[in-house]
A.B. asks: 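Could you have a look at this structure, given as structure tokens, before my questions?
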Amino acid sequence: MKEEQKHLDTLQDIKQIMDRSSRFISLSGLSGIAAGLCALGAVSYVWPLWNISLGSSIEESNPVLLILDSQQKARLLVTGITCFISAFIFAVIFTWFRTKKTYASLWNSTVRRLVINTGIPFVAGAILVVYLMNWNLTGLIAPVCLIFYGLALLSGSKYTVSEIRWLGISELLLGLLTLQFLQYGIIAWGIGFGLLHIIYGALMWWKYERA
Amino acid sequence: MKNPIEQLNKVFDSRVRLGIMSAVMVNDEVNFNELKELIQVTDGNLASHLKTLEENGYLLVKKGFIGRKTNTTYAITKSGEKAFKAHIDALEKMIKGLH
């Protein structure tokens with residue numbers, strides 16, 4: 001019996017090191033909650049831009065087309081960038097606190113792979129969104145953000161906590177669903193980047209960091 | 001039938017060496033500092049175990065530089081992969097055999 005336990009412990013050790021060496025698991029749930037709050041803040045700030053078009057007859061004939069003047073475009077762009085940067089900074093701060101407790105480092109080859117693999121689809125999506133806005137295809141911005149963000153998370157999920165995969169799939173499905181209800185894009189964006197992040201972050205915090 | 005204990009690899013009879021092998025098994029390459037952080041051992045201890053594994057032909061050592069600092073990375077060899085898998089299989093058999 002003692003012998004058996006020894007071998008089981010060895011296998012457990014092997015599994016743990018394989019996991020720890022290939023995945024960055026110190027991502028804090030609190031960063032998810034912070035990102036969600038940033039997104040809800042962003043939605044409330046650009047809400048008036050969508051509000052004027054919600055339910056109007058032009059919207060229904062072609063919900064993709066929503067012509068914003070350059071000032072409105074700038075507002076949308078600046079809000080998006082500010083939202084991303086603040087969410088990113090919060091993520092780094094909370095994760096940094098967590099690495100202090102888990103004795104992990106904030107930058108190593110696993111983190112680099114995580115950043116690269118999440119970054120490629122993310123940057124591609126961001127470039128596409130800027131073009132959509134230039135072409136006045138404003139209605140497509142929200143679903144495209146959600147779809148590309150979902151794909152980015154899926155692609156990065158191999159290098160971090162496995163639960164990220166489910167968040168990615170949820171964002172992707174929500175984005176695809178939004179294609180059918182374009183006029184509610186801003187609401188879907190708020191659900192995807194706000195609500196889902198908060199739920200995910202809270203679950204992760206509850207599961208791994210509560211103690 | 002062969003006794004599974006004989007199939008256990010003596011080289012892997014150390015927590016540090018098992019740790020090193022586990023890490024290089026799932027990563028293309030791992031550097032010294034990452035291994036140190038992962039397994040939580042002293043430099044000297046880690047270096048001696050790495051040497052043993054290298055001498056057994058299980059590890060491929062690449063010495064490089066990042067700026068002026070040396071950066072030694074380790075990767076698993078084909079025979080290392082085979083030996084490690086056989087070791088895990090043997091462990092598994094022993095656990096099953098003891099039931």
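Chain naming here is simple, since letters A, B, ... match the order of the sequence lines and numbering starts at 1 in each. Reckoned from all heavy atoms, side chains included, excluding hydrogens, waters and symmetry mates.
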A.B. asks: Could you tell me whether F24(A) and Y159(A) have their ring centroids closer than 6.0 angstrom?
C.D. replies: no

A.B. asks: Under a 4.5 Å heavy-atom cut-off, does chain A meet the side chain of F12(B), its backbone, both or neither?
C.D. replies: neither

A.B. asks: Quick one about N136(A) and K73(A) (side-chain donor to acceptor, distance below 3.5 Å, no hydrogens or angles considered), yes or no?
C.D. replies: yes

A.B. asks: If you measure only the distance, is there a donor-acceptor pair under 3.5 Å linking the side chains of D9(A) and Q5(A)?
C.D. replies: yes

A.B. asks: For the candidates L11(A), T110(A), D13(A), D19(A), which exhibits the highest count of non-hydrogen atom pairs separated by less than 4.5 Å from chain B?
C.D. replies: L11(A)

A.B. asks: Looking only at side chains, do E163(A) and Y208(A) share a donor and an acceptor under 3.5 Å apart?
C.D. replies: yes

A.B. asks: Below 4.5 Å, heavy-atom pairs only: which of T10(A), L8(A), I14(A) has the largest tally toward chain B?
C.D. replies: I14(A)

